[in-house]
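Residue indices begin at 1 and follow the sequence shown. Side chains included, hydrogens not; waters and symmetry mates left out as well; all remaining heavy atoms used.
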Amino acid sequence: DTDRSRGLGDVYKRQELFIMNQQSASKMLKVTGILSIIFGAISIVASLILLFGSVLLATAANAIADSATASAVSGLLTLAVIIAIIASVAEFVAGILGVVNANKPEKANVCFIFGIINIVIGIASIILNILSGEFNIISIVSALALPVLYTIAAYFLKNGANNNVM
């Protein structure tokens, strides 16, 4: 009889630890969501400034160089800026979803998907940096740290919701 009581006590203790982990995941998702909103907003503004700069650069290049070279450079630069804007918006939206859904484990799957999208964008950014010869550890950490932490939080929040349904 005492073995069963002790066994049930262990189960209850594990459930309390599990709830604390889910609460920690909720807090972590909210914090990484707030940071994603901040960095996403800054990146959107910076990308829009770069877009304006690329238009000015294309105009100046057309005046100086032949139009074929200028349009090729301008097209590549514009494409890079558009990709940066898309990445910034994805980070910003993920942040909003993380903050709004931090206390809603049933919505954590959407956050998890946006986290994966931002990780893929971060990996693509790292690859482009390596190909352009601008490899450094800081860019790797900055491109992946926040999306990975965000995704981990969403994962644990999501799995906590799945494990509570028995």
Side-chain angles (χ1 to χ4, degrees), residues 1-51 78-166:
D1 234 9
T2 58
D3 288 338
R4 286 186 182 199
S5 297
R6 189 174 31 193
L8 288 175
D10 289 343
V11 169
Y12 292 129
K13 286 179 190 173
R14 275 189 242 127
Q15 285 179 346
E16 286 177 22
L17 286 174
F18 181 75
I19 290 169
M20 287 179 8
N21 285 338
Q22 190 173 6
Q23 289 172 347
S24 297
S26 175
K27 288 177 186 175
M28 187 167 139
L29 185 60
K30 185 172 249 177
V31 168
T32 55
I34 291 168
L35 292 173
S36 292
I37 291 170
I38 293 168
F39 293 137
I42 291 169
S43 295
I44 289 170
V45 170
S47 297
L48 291 173
I49 291 170
L50 283 174
L51 183 62
T78 303
L79 179 64
V81 171
I82 289 171
I83 291 170
I85 291 171
I86 292 169
S88 302
V89 169
E91 182 175 18
F92 185 77
V93 170
I96 291 171
L97 289 172
V99 170
V100 169
N101 296 322
N103 295 321
K104 301 175 186 169
E106 67 277 4
K107 302 280 187 172
N109 197 42
V110 173
C111 296
F112 181 77
I113 291 168
F114 265 89
I116 296 295
I117 290 169
N118 282 319
I119 288 172
V120 169
I121 290 170
I123 291 170
S125 171
I126 291 168
I127 291 170
L128 288 175
N129 281 342
I130 291 171
L131 292 176
S132 68
E134 297 183 20
F135 174 76
N136 62 43
I137 298 299
I138 293 171
S139 67
I140 291 174
V141 171
S142 66
L144 289 180
L146 189 58
V148 166
L149 291 173
Y150 177 95
T151 306
I152 289 170
Y155 174 80
F156 281 112
L157 190 63
K158 176 179 80 152
N159 282 345
N162 291 340
N163 288 337
N164 283 340
V165 181
M166 291 187 176

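For the pair P105/Q22, a side-chain contact is recorded, criterion being any heavy-atom separation below 4.5 Å from C-beta on. Two residues are said to be in side-chain contact when any heavy atoms from C-beta on lie closer than 4.5 Å; I37 and F92 meet this criterion. At least one side-chain heavy atom of F39 sits under 4.5 Å from a side-chain heavy atom of E91. In this structure, the side chains of L97 and Y150 come closer than 4.5 Å at one or more pairs of heavy atoms.
Rounding to the nearest 0.5 Å places CD1 of I113 at 12.5 Å from CG of N118. Distance check: T151 OG1 to I116 CD1 gives 5.0 Å after rounding to the nearest 0.5 Å. In this structure, CD1 on I126 lies 7.0 Å from CD1 on I130, to the nearest 0.5 angstrom. To the nearest 0.5 Å, atoms CD1 (I82) and OG (S47) are separated by 11.0 Å. Going from atom CG of L146 over to atom CD1 of I38 covers 10.0 Å, rounded to the nearest 0.5 Å. Distance check: F112 CZ to N159 CG gives 8.0 Å after rounding to the nearest 0.5 Å.
Scored by the side-chain contact (heavy atoms from CB on, under 4.5 Å) test, A87 finds I121 as partners (sequence neighbours excluded). Scored by the side-chain contact (heavy atoms from CB on, under 4.5 Å) test, L48 finds I44, I85 as partners (sequence neighbours excluded).
In this structure, the side chain of S43 does not engage the main chain of S88 through any donor-acceptor pair within 3.5 Å.
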Which donor-acceptor pairs under 3.5 Å do the side chains of residues 26-33 make with protein atoms, sequence neighbours left out?
unit_1	atom_1	unit_2	atom_2	d
S26	OG	A102	O	2.5
S26	OG	N103	OD1	2.8
T32	OG1	M28	O	2.8
T32	OG1	L29	O	3.2

